[in-house]
> 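One structure is given below, represented as structure tokens, and several questions about it will come after.
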Amino acid sequence: MSQWINQWHDTLLLPFLHLGVFTKYAMLIALVMFTIAIALAAWRLFRGPADEDTILALDTLYINSLAVTILLGIVFATSVYFEVALVIAMLGFIGTVVMAKFLAEGDIVK
Amino acid sequence: MTQPTLLVLMLLLPIIGALALLAVDNRNRALAIGIAGGVTIAACALLAMLATNVFDGNVARFRADWLPSLNVAFSLRLDGLGFLFASLILGIGALVVLYGAYYLSNDDPPARFFAFLLFFMGAMLGVVLSDNLILLVVFWELTSLSSFLLIGFWRHREDARQGARMALTVTGAGGLALLAGVLLIGHVVGSYDLDAVFAAKATLQESALFTPILILILLGAFTKSAQFPFHFWLPRAMAAPTPVSAYLHSATMVKAGVFLLARMYPALGDNDTWFWIVSTTGLATLLLGAVVAIFQHDLKGLLAYSTISHLGLITLLFGLDSPLAVVAGVFHIINHAVFKASLFMAAGIIDHETGSRDMRQLNGLWKTMPITATLAMVACAAMAGVPLANGFLSKEMFFAEALAVDAHRLLSIATPIAATIAAIASVAYSLRFIHDVFFNGEPVGLTKTPHEPPRIMRVPVEILVVLCLVVGIFPAFTIGPLLAIAAQATLNVTPAGLPVYSLAIWHGVNLPLMMSAIALVGGVSLYVVLQKKINLHTVAKLPGDAKVLFDVLIENLVVVASAITRTTQNASLQRYLLLIILTAIAAGAAGFWLSPSTNSIAVRPQPANLLVTIFALIGMAAAIGTVFMHRERFNALMLLGLTGLIIALTFIYFSAPDLALTQVLVEVVSIILMMLALNFLPKLSVKETNHFRRYRDMVIAAVAGLGVSWIVYAVLTRPFNSISPYFLRTTVPEGGGANAVNVIIVDFRGFDTLGEIAVLGMAGLIVAVLLRGISIAKSPADGAFEAKAPENARPSLLLSIISSILLPITIMVSIYFYLRGHNLPGGGFIAGLIFAIGIILQYVALGREKVEAQLPMNYGKWIGWGLLAAGLTGVGSFVVGFPFLTSAFQYFKLPVVEAVPIASAMFFDLGVFLCVIGGTMLALATLAKVSSTRSAP
Amino acid sequence: MIDFLNTHLPILPIAAPLFGAAFALIVNEQNIRTQRVVAWIAVALMLGAGVFAIDRTADGILSVYLLGNWQAPFGIALALDKLTAIMLLLTAFIAAIALYAAQQSNTDRGVYFTPLFMLQLMGINGAFLTADLFNLFVFFEVLLAASYGMLLQHCDRAKTNAATHYVVINLVGSALFLIAASLLYGVTGTLNMADLSVKINTLPPYSHALALSAGFILLTVFAIKAALLPLNFWLTGTYASAVLPVAALFALMTKVGVVAIIRTLTLIYPDGSFGNVAMSKVLLIVAPITMLVAACGALASRELKTLIGWSVVGSASMLVTAVAIGNAKALSGALFYLIGSTIAASLLYLNASAIDAPSSRPTEGAANSNRNWAWVGTLFVIGAVTATGLPPLSGFIGKAVILAGAAQHMWPMWLMSMVLVAGLLNVIAYARLGSRLFWKRDAAIDGATHVVPTALLALAIAGLTIFAAPIQRFTDRAAIELRTPSIMRDNVLGKRPIERQTSPSQVKP
Amino acid sequence: MSLELLVALGIGVLAACGIYLILRARIFDVVLGLTLLSYGVNLFIFFMGRLAVGKAPIIKDGVPLNLASYADPLPQALVLTAIVISFGMTAVLLAIAVRAHIENGHDHVDEDAENKSAR
Amino acid sequence: MKRLMPQPLISAMLFLIWLALNNTIHPAHLLLGALLAIAIPLWTSALKFATPKIKQPSTIVALGVIVLIDIVKSNISVARLILGKESNIQPSFVWVPLDIVDPHAKAALAGIITMTPGTLSADFSDDGKHLLVHAFNVTDEAALIAEIKSRYELPLKEIFE
Amino acid sequence: MMPIWLDIIVALLLILGGTFALIGSYGLAKLGDFLKRLHGPTKASTLGVGAVLIASILYFTFSNRGLSVHELLITLFIFLTAPVSAHLLIKAAMKRHSAMRPPPPNKD
Ligand code: NA
Ligand code: NA
């Protein structure tokens with residue numbers, strides 16, 4: 001058990017050492033929460049039942065991934081991932097728009 | 001002219017003539033005949049100019065550099081044997097040209113005929129003049145090819161086409177065997193030159209490869225000379241025009257086989273294997289040909305089998321493996337050529353003037369064609385071996401040699417007996433030729449009224465018949481010297497080494513003479529008996545015709561080949577892909593299988609944390625989900641999108657921001673593409689009924705996946721040394737950018753990128769090739785793109801407004817990414833994709849037609865400008881003397897602004913930017929246009 | 001000028017068609033005349049470069065070109081050795097012929113024909129020139145993408161369906177190529193083939209299995225291109241459905257696979273390195289069987305284009321056999337055979353247009369037609385004789401040299417018998433179909449055939465045959481060069497970039 | 001579970017799923033399969049430069065210039081090329097699927113298969 | 001001026017975005033940003049779409065504050081509902097009659113309604129005079145309509161009309 | 001090292017963001033029909049991501065990098081685009097299930 005915890009600490013918190021003591025654990029909690037959020041959205045994606053649900057789920061996954069990207073930027077203390085988040089925010093919705101339009105009208109460029 | 005020049009000119013003349021004839025109009029008969037005749041006579045003259053030299057016992061040679069890889073030159077030699085054959089080829093050739101000039105009807109294209117004929121003449125000359133074996137093979141196969149063309153000359157006739165193919169197949173196959181044998185000789189001897197091969201006789205015959213070599217060479221000889229069991233093609237070759245039969249299939253080409261025996265005798269002869277194979281083959285052929293000939297109804301068929309028989313005789317003589325027999329063989333080559341050619345010509349005349357070659361129709365022609373009859377009768381006498389004709393002399397020598405066989409018990413008895421039987425048969429069929437055609441009652445059902453041919457058409461026959469007699473009566477004066485030099489060359493001996501033989505009609509009463517007498521009496525009796533008892537006319541086709549066997553063989557071959565092709569190439573992509581994947585699995589496994597396994601894992605694996613594991617599991621589940629949902633395409637695409645998202649997160653986690661950016665952008669564009677395409681496709685894949693196939697594929701896929709995993713794991717647990725630290729060290733000082741990935745893309749490996757943008761540009765072009773101007777007439781049955789609620793197709797206000805605001809923003813963001821790429825994630829590709837997405841968004845929000853009307857853009861040109869920009873950056877470095885794509889960067893000091901770095905790589909990246917926009921937009925716009933065409937009523 | 005050419009020669013065959021494509025795209029699509037001029041300029045430059053390359057390599061110079069002035073193995077290098085020189089000239093020649101034929105028949109009025117044609121040439125030349133494995137992948141993609149576009153020119157149902165198979169198979173092949181190339185990088189840490197040649201032979205034993213797997217997968221990829229069994233079934237249908245000038249150009253593409261196999265077996269895994277023997281043995285089993293299967297396919301063919309396709313397969317497997325035999329004689333023979341068989345395949349494809357074209361219905365027996373028909377027949381015979389390896393044309397010469405090399409190999413009987421039996425079956429196949437096509441019908445054709453370009457190809461074959469001596473001396477030397485991988489290694493890795501002076505303006509103030 | 005194993009398994013799953021779908025009879029399924037396969041292949045290339053967490057190869061002052069401090073940039077550049085090419089080819093294959101469907105009336109990978117048997 | 005800067009609002013926005021993107025107010029970027037902010041609309045305005053006219057810019061800030069507060073507030077309430085029993089949720093469609101006509105105003109209203117959790121704008125009526133709103137939990141339909149009209153529509157009307 | 005007040009604020013923001021994102025996704029997974037589910041994730045996209053973005057701004061601004069405002073852009077883009085997604089999704093759902101769509105408004 002203690003070995004498990006040590007391993008957790010090593011693999012999860014080692015990269016966070018530059019963060020403040022509260023932020024360090026908050027970051028861990030936030031990452032866990034976002035991971036669960038992503039897992040739940042993924043579950044909805046697998047589950048459906050309607051095609052709209054899967055689009056909605058994928059849209060949610062994109063937004064949550066955006067947040068995870070920002071979090072990883074803080075974790076790795078780098079701003080090089082910022083643009084990924086920017087692009088998801090600016091253009092990620094197009095996928096949703098196109099899929100929704102496809103479902104509604106078939107032809108998406110009419 | 002020097003001797004070598006004369007020699008090569010003699011060979012080239014017919015070939016040049018053939019080429020010239022190709023250009024001659026077939027209506028210009030006189031010109032065609034003139035060229036053919038002129039060439040032949042000129043070649044004859046050249047041969048004559050060379051004659052004295054050869055008769056002096058010298059060998060004329062020509063040598064030109066040709067195939068240094070094989071150490072083979074274009075080398076010709078004219079020795080006695082070659083001279084003999086060259087005389088036959090050119091002499092009889094001249095007569096055949098003359099004969100053919102009258103033989104051909106007005107419908108036959110003369111230029112083509114004589115072109116082929118001269119082509120053959122050149123090839124055949126090449127065979128007999130070659131000074132090395134490779135060259136000999138070359139000309140050998142050319143004779144097969146020209147024979148194929150000549151047999152098929154009357155191409156509208158099925159039997160001609162079949163006969164041509166059969167001859168080509170059999171002699172071509174023999175030629176390939178010959179080639180193999182020759183190559184092995186070259187391997188053993190180290191040279192293909194005849195002299196070297198002769199000199200290496202001992203080495204050759206002691207080599208382990210000798211038996212295969214001998215068999216291969218003999219296969220070549222036997223097929224060409226129609227030896228049993230390869231004889232069947234020759235009768236079928238009679239579909240050729242008669243001049244061809246006279247020339248190729250009696251006088252010359254079929255003699256190439258026995259020529260080869262003679263040629264190779266010094267190197268391959270003089271041993272038991274040679275003796276047994278050659279003599280028994282010759283013997284069998286001799287008997288078979290002679291007996292079957294009697295029962296032919298077709299004049300040319302009779303002559304063909306007779307030819308087979310005589311070729312067997314010559315082969316047998318070479319097989320007997322004694323110098324005297326070889327001399328007899330050479331002698332018979334001459335004699336047979338002369339009388340058989342004349343007989344074929346006679347048969348041709350008969351055919352020409354009566355319209356038939358069937359002896360059941362032809363009767364009593366003596367009355368209408370007395371001169372031709374006389375000529376034919378003399379030639380037949382020669383064929384039958386009647387004294388005073390040339391055939392008699394060589395047959396006598398043959399009988400003597402047959403009796404001389406004593407080394408081998410069985411053959412020493414069999415040979416003389418077989419020789420006698422064959423001689424009896426040959427008398428019988430010769431008699432049948434004379435009796436059945438010129439006498440034996442009245443013609444039956446002829447379409448033409450028989451009469452003598454034009455005077456000149458008979459001339460060649462007359463010349464040959466006179467030759468038969470002259471040689472038959474004064475052999476020593478006429479043929480003696482030629483025979484001597486030919487035999488000498490064949491045996492590869494000096495004049496002194498020649499065995500003692502006598503060319504005289506009368507050798508006293510001896511056993512051979514007795515045999516001749518028996519043959520004459522027996523032959524006449526046999527024919528009389530056969531005519532009386534069973535009436536030869538009623539004999540149907542002889543059973544066991546090898547031709548039928550051959551046809552069956554070829555048909556079966558084609559059936560088998562088709563079956564193989566059909567089963568392997570069943571036009572099933574799934575099958576092909578399965579094979580490729582299985583091969584790849586085998587290839588991957590082969591490395592581990594063939595290389596001794598070493599499990600020294602030198603790198604300690606790092607533990608994976610739970611969150612990463614969860615993400616990985618979601619990704620794997622999404623991939624597997626895509627598989628399980630694949631029939632419901634839309635859902636499968638959603639799961640695929642999730643997989644792609646996880647891939648992007650993977651890139652982020654493992655330090656690849658550029659890849660993550662690219663992945664996300666490509667995902668967005670891909671989903672648009674997929675939606676555009678899916679609109680025209682069924683939304684549901686047809687359910688699979690073949691469960692075996694599914695499970696099989698699952699197993700294969702699993703195995704492949706495990707293999708990939710295994711390899712990845714193996715690599716990741718091995719230490720790594722790479723060239724990459726170089727990039728990290730030089731990217732800033734020499735590449736001028738902090739983003740090593742981008743500097744690699746636009747500079748270190750900018751050349752890859754050049755290719756990559758070409759591919760992306762082409763993707764757009766290809767989509768245009770596929771779908772430009774395509775409209776869909778009717779909705780297919782499987783429910784693809786059924787109309788959806790058209791009544792409510794109002795564009796969304798919210799979407800339109802947000803899109804119009806986003807367009808300038810995306811363009812600005814795109815420029816931002818373009819400018820910063822060298823130092824931070826971004827660059828031309830990413831910028832291009834963002835730009836393109838910005839425009840696509842307008843298509844989605846406002847509709848294609850409106851966007852294209854208000855923002856007309858020729859995306860093909862964008863691709864062109866992009867390629868041009870990239871290419872100009874490349875050649876720009878020439879100016880300063882550096883190689884293609886050498887980047888330069890400078891800091892420029894501008895007013896207000898501090899120093900800004902301008903790298904030439906940015907101009908290159910501009911090319912990338914333009915190409916990406918052009919390629920992506922061309923693909924998307926073309927697909928979009930298809931949809932719009934469809935929605936029109 | 002000569003200095004300039006000496007320096008930049010290797011890039012010319014890539015840059016010329018690149019600019020050709022760019023200009024052809026920039027001018028208006030309807031402006032076919034300008035596009036034609038552009039294409040001819042590019043092809044003429046390629047021809048010049050090819051001749052110059054032969055001349056230079058004949059002087060014993062192996063030109064190495066460091067793109068971006070980065071030293072190999074860090075940057076991408078082009079290497080121009082004798083093999084490459086041969087391929088460049090051959091490509092330029094076939095391209096000129098195909099271009100002529102395409103323009104003659106207005107095939108180039110398809111959608112984006114000229115740019116795709118140009119990029120096809122750029123891809124082929126790049127694949128021959130590059131000394132970098134991943135760059136080879138990129139150029140494979142360029143030439144394949146272009147070939148998709150070329151195949152689909154004048155798109156119809158048959159072309160679409162052929163393209164479906166062709167594209168999917170090649171995409172799978174590309175995936176395998178990426179796996180093999182990156183695996184080699186993962187094991188050796190380099191991508192330059194000359195560097196790979198060095199690194200693979202100094203690899204620690206624990207990496208041997210991985211390197212060998214990579215090698216075999218790489219061979220699989222090239223075998224798809226070279227149409228080896230069991231990866232070849234896509235070829236005949238694909239080529240048969242292409243427009244004929246395009247098919248004539250496609251005759252080159254199997255050769256790209258063959259050349260890649262040559263590089264694999266002579267440079268990356270050269271004679272004497274671990275893996276060479278295993279790879280060669282596998283190929284020596286697979287390639288001769290392919291030859292036989294191709295011969296069966298030829299025999300079963302009922303259409304000329306299918307027959308030619310099988311010939312292409314057969315000649316590629318012949319080449320692979322020779323390469324796997326690997327001795328100098330077989331390699332030299334292979335290079336000679338490669339030239340002739342490529343030209344012959346192009347010739348046959350172009351010639352087939354006269355026979356298979358709908359316009360070849362019997363027309364009023366104008367003598368002119370018959371004359372054309374005679375020419376078509378003669379050219380067919382020349383092509384068939386070369387393709388089947390019958391004497392005396394170049395096909396035979398190459399085959400004979402390869403067989404002489406086979407005689408020196410440890411499996412002479414197997415190799416020779418397969419080659420000869422396959423050869424015989426091919427002869428039968430051509431005789432059957434040829435006699436049916438040319439003899440059975442009294443066909444006449446109208447003037448719009450490719451007699452001129454075909455005749456040029458036939459002349460080339462005649463030239464190869466008659467002037468075999470200088471060519472063979474060149475291929476002999478090329479074979480020795482290939483069998484001495486140190487030449488390539490030393491030249492590529494030893495080439496130094498041009499010294500750059502860092503100007504003050506290049507230092508950040 | 002080690003990170004190496006996780007990565008290896010992930011790539012294996014992607015490859016297996018891709019291959020299974022490639023072997024299906026519909027062009028669209030093949031497109032899905034090729035996309036999955038190219039994901040797998042891209043990761044394969046990427047990880048040939050080994051695993052590096054939080055070490056983006058963007059040069060920062062004062063960090064030693066070696067593979068211990070930065071991820072290997074070369075495989076990343078190769079993957080970029082691979083992504084672009086596979087994206088372009090996906091577009092081509094989709095266009096082919098559309099055209100084939102127009103021509104044949106079905107999107108089976110083989111022209112005549114629809115008539116032969118239901119697969 | 002009109003020709004040089006066809007969409008001044010957009011240009012201003014672009015200028016600010018450029019500075020934010022580059023995270024700097026360096027003179028070089030001010031210059032470049034200004035250039036781009038002018039150049040890009042010159043090209044994109046070819047896609048003609050009615051350019052919004054802002055009458056009362058000051059109201060924008062007030063509306064922004066309201067919206068932000070509403071986002072936080074309704075987020076919390078919706079979170080409660082989600083965590084609670086599902087049967088407590090009473091979702092419903094509501095047609096909101098519109099007084100505004102400017103398309104930009106309508107779009108902004110639709111966006112704001114969606115961004116404030118608890119309501120989603122679903123569609124406009126065919127005549128464009130009603131906005132269909134889906135509300136997560138409706139207890140009083142009239143109150144909801146009144147709130148939307150007063151809190152969001154009125155300020156928007158001031159801004160745009 | 002971050003100052004303690006910043007540490008606490010950032011920590012709170014992170015947990016706040018995580019909580020809202022989780023609740024949003026929980027709603028997406030749990031709720032019974034599409035229209036209800038649609039409301040869940042909109043939280044994640046606004047408050048959840050917003051909190052994380054503010055945390056990021058604060059973190060990068062105070063970890064000696066100077067003012068970091070480009071996260072605001074992300075917020076701007078989310079505000080611009082998220083309504084469109086939801087809007088089109090609900091439109092699509094209504095189009096596919098006409099029973100879902102309420103009757104048109106009374107003309108008054
Ligand atoms: Na008779
Ligand atoms: Na970049």
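None of the values given here were measured: they were computed from a predicted structure. Just so it is clear: chains get the letters A, B, ... in the order the sequence lines come, proteins before strands, and each one is counted from 1.
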> Under a 4.5 Å heavy-atom cutoff, which of B:Pro657, B:Gly838, B:Ala845 has the most pairs with chain A?
B:Pro657

> For A:Ala42 and B:Ile618, which heavy atoms make the closest approach, and how far apart are they?
CB-CG2, 3.9 Å

> Starting at CG of B:Leu637, measure out to CE of A:Met99 and round the result to the nearest 0.5 Å.
9.0 Å

> Applying a heavy-atom distance below 4.5 Å, give me the residues of residues 33-41 of chain A that approach chain B, sorted by number.
A:Thr35, A:Ile38, A:Ala39

> Near A:Phe22 CZ, under 6.0 Å, is it more than 12 heavy atoms from other residues, nucleotides or ligands?
no

> How long is the straight-line distance from CE of B:Met638 back to CG of A:Asp51, given to the nearest 0.5 Å?
8.0 Å

> Report which part of B:Ala656 has an atom under 4.5 Å of a heavy atom belonging to chain A: side chain, backbone, both, or neither.
backbone

> So do the side chains of B:Leu841 and A:Phe93 get within less than 4.5 Å of each other, counting heavy atoms only?
yes

> Measure distances from B:Ile837 to the heavy atoms of chain A and classify the residue's part below 4.5 Å as side chain, backbone, both or neither.
both

> Non-hydrogen atoms of chain B under 4.5 Å away: do they reach the side chain of A:Leu91, the backbone, both or neither?
both

> Is A:Ile94 close to chain B through its backbone or its side chain, or both, or neither, when contacts mean heavy atoms under 4.5 Å?
side chain

> Verify, without hydrogens or angle tests, whether A:Tyr81 (side chain) and B:Ile652 (backbone) share a donor-acceptor contact under 3.5 angstrom.
yes

> Rounded to the nearest 0.5 Å, how far does CE of A:Met90 lie from CG of B:Leu806?
7.5 Å

> Could you tell me which of B:Arg820, B:Gln606, B:Gln842 has the largest number of non-hydrogen atom pairs under 4.5 Å with chain A?
B:Arg820

> Is the shortest side-chain heavy-atom distance between B:Met675 and A:Lys101 below 4.5 Å?
no

> Do B:Leu642 and A:Tyr62 touch side chain to side chain, with heavy atoms closer than 4.5 Å?
no

> What part of A:Val80 gets closer than 4.5 Å to chain B, counting heavy atoms only: side chain, backbone, both or neither?
both

> Between A:Val109 and B:Ala928, which heavy-atom pair has the shortest distance, and what is it?
CG2-CB, 3.5 Å

> Which atom pair, heavy atoms only, marks the closest approach of B:Ile672 to A:Val98?
CG1-CG2, 3.8 Å

> Where on B:Ile614 is there a heavy atom nearer than 4.5 Å to chain A: the side chain, the backbone, both, or neither?
side chain

> According to salt bridge (charged side-chain N to carboxylate O under 4.0 Å, His left out), does anything in residues 804-819 of chain B pair up with another residue at least two apart or in another chain? List the pairs.
none

> How long is the gap from CZ on B:Phe651 to OG1 on A:Thr69, to the nearest 0.5 Å?
13.5 Å

> What part of B:Val813 gets within 4.5 angstrom of chain A, counting heavy atoms only: side chain, backbone, both, or neither?
side chain

> Taking ring-ring contact (aromatic ring centres under 6.0 Å, His included) as the cut-off, I'd like each qualifying pair that reaches into residues 613-638 of chain B, sequence neighbours left out, listed once.
A:Phe102-B:Phe634

> Which donor-acceptor pairs under 3.5 Å do side chains of residues 659-670 of chain B form with protein atoms, sequence neighbours excluded?
unit_1: B:Thr662; atom_1: OG1; unit_2: B:Asp658; atom_2: O; d: 2.6
unit_1: B:Gln663; atom_1: NE2; unit_2: B:Glu667; atom_2: OE2; d: 3.2
unit_1: B:Glu667; atom_1: OE2; unit_2: D:Tyr39; atom_2: OH; d: 2.2
unit_1: B:Ser670; atom_1: OG; unit_2: B:Val666; atom_2: O; d: 2.7

> Do A:Val87 and B:Phe817 come within less than 4.5 Å of each other through their side chains, counting heavy atoms only?
yes

> Measuring heavy-atom distances to chain A, does B:Leu645 have an atom under 4.5 Å in its side chain, in its backbone, in both, or in neither?
side chain

> Tell me, side chain or backbone of B:Ala621 under 4.5 Å from chain A's heavy atoms, or both, or neither?
both

> Rounded to the nearest 0.5 Å, how far does CE of B:Met674 lie from CD1 of A:Ile108?
12.5 Å

> Let me confirm one number: the CG-CZ distance from A:Asp107 to B:Arg848, rounded to the nearest 0.5 Å.
9.5 Å

